[in-house]
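Treat the numbers as computed from the prediction; the structure is a model and nothing was measured. So that the names make sense, note that chain A is the first sequence line, chain B the second, and so on, each numbered from 1.
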Protein chains: 2
Amino acid sequence: MNLTIAEENYIKAIFHLQQAEGNVSTNQLAASMHTKPASVTDMLKKLTNKSLLEYEPYQGVRLGKEGKKQALSIVRKHRLWEFFLVDKLQFGWDEVHEVAEELEHISSKKLVDKLDAFLGFPKFDPHGDPIPDMNGNMVSIRQFNLIDVKQKTLVEVCSVGSQSAELLELLRHKNIVIGTQLQIVRKFDFDHSVEINIENKPTITISQQLAQALFVKLV
Amino acid sequence: MNLTIAEENYIKAIFHLQQAEGNVSTNQLAASMHTKPASVTDMLKKLTNKSLLEYEPYQGVRLGKEGKKQALSIVRKHRLWEFFLVDKLQFGWDEVHEVAEELEHISSKKLVDKLDAFLGFPKFDPHGDPIPDMNGNMVSIRQFNLIDVKQKTLVEVCSVGSQSAELLELLRHKNIVIGTQLQIVRKFDFDHSVEINIENKPTITISQQLAQALFVKLV
DNA sequence: TAAATTATTTAGATTTGTCTAAAAATAATT
DNA sequence: AATTATTTTTAGACAAATCTAAATAATTTA
């Protein structure tokens, strides 16, 4: 099933809107794509013919099985590239979205899977959204980058950004494991480093890079 | 100047055909793009209006100043991505072209320059073609990967694939510098390792990866 | 429930990049 | 130089993705 870039963008938009609500309306979709409802209707017909969607005129639309598969593949690519940009090319996590919007349309599956391996099979992108694996499976709960958590909030480490040896070495040294509970003591604007307090241990400081690699949930 | 993917592909094709001959003919271009002469004429008019080309009907075409700049930017992206695929993602050098054809159209300049730095500012792609730098400058002579040289040929090392610390360390250990002359003694099919003979020193073996990082010219 | 409002679809036009078929310009050949 | 062959351009058509304006369906409200 080969999709054009426009088709992929529709599939992706439907996927995201569907998370929040059930069926997705023509107007919602038009707003989210910055296009007109009439254009949406045309495209919905086209994608329905390709059996990617379940669509009844006037009743909104939802992804079919094949559509869901395609959507997960696009989301996987988007989030893996975002991870690459932040982790390897030193982009800020807030400046990667646009570039990833382009990269997500590169078609080679071999490329994506090799990129995944190169990055250490990360489970979350730099915004804390889960990355689908090769089979489209991903964690469903929303987690947060430690760097985004407010002062004093008590959180628990759920997972780490990647499995790279360098990261694991640093975590061992700081005594941080999955399940560790900690509180943000203070955040420094200059280098975005963060002071944290782990259970009954002395306060320590961790760098921006490390804080971005830690995914936590509220306790 | 924002170009569509189709426009970029024409600019790139003209650039490559221009290297071999002077003015590029409509038919040549049609053949190289797997399209029809009529389509080429249409596009040439369009690109001429954007002042990328110098084009007289029936007289063939050549790139103008702005066209050349665009072409170098595309070639730079293509070759940097090829280098990335081979050096970081472990693709074979013979399977990267198609993927790079897609990646070369990603527009972010920041991405390209950061990728360049991440790769160690490589001067040649995995096929031995020179990579233009940020300003469009590149070596003009065609060099060869050592791995492609026939047995017994005497060659001289012109440059190395990248400036990574790991590569430089290995080169120091093997006593290979720019200007070193050597002969291929033997090539092994199993792991594509190569036995080489440097001037009056004992024969040594180098790995496929190292041989691919060495660019040489005939002596 | 009938009218008014909102949402959605249809109809017809536009742009981009392509095509085929025919005309025009250039080049080659006798 | 005149004819033939080749190359290139023009003219008109088509598919994809979009648009505007008008028509129709669904929903809300009085």
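The nearest whole Å value for the distance from the OH atom in B/Y55 to the C1' atom in D/dT8 is 7 Å. A straight line from CG of B/L44 to P of D/dT8 spans 10 Å, rounded to a whole angstrom. Following rounding to the nearest Å, A/D42 (CG) and C/dA11 (P) show an atom-to-atom distance of 11 Å. In this structure, the CD atom of A/E56 is 14 Å from the P atom of C/dT8, given to the nearest Å.
Between A/N27 and A/S25, the side chains place no donor N or O within less than 3.5 Å of an acceptor N or O (distance only, hydrogens not considered).
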Nucleotide N/O of nucleotides 22-25 of chain D paired with protein N/O under 3.5 Å:
from   : atom 1 : to    : atom 2 : distance (Å)
D/dA25 : O4'    : A/Y58 : OH     : 3.4

* Secondary structure string for DNA chain C (Watson-Crick or G-U under 3.5 angstrom, | for other-strand pairs) -> ||||||||||||||||||||||||||||||
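Contacts with DNA chain D (heavy atom under 4.0 Å) in residues 23-30 of chain A: none are found.
Annotation: ring pair (Phe, Tyr, Trp, His ring centres under 6.0 Å) contacts of B/H192 (sequence neighbours excluded): none. For A/S51, the side chain to side chain donor-acceptor pair (under 3.5 Å) criterion is met by no residue, not counting sequence neighbours. Evaluation of the ring pair (Phe, Tyr, Trp, His ring centres under 6.0 Å) rule for A/F84 yields A/W81, B/F84 as partners, not counting sequence neighbours.
Classification of A/R76 and A/D113 as a salt-bridged pair holds, one side-chain N sitting under 4.0 Å from a carboxylate O.
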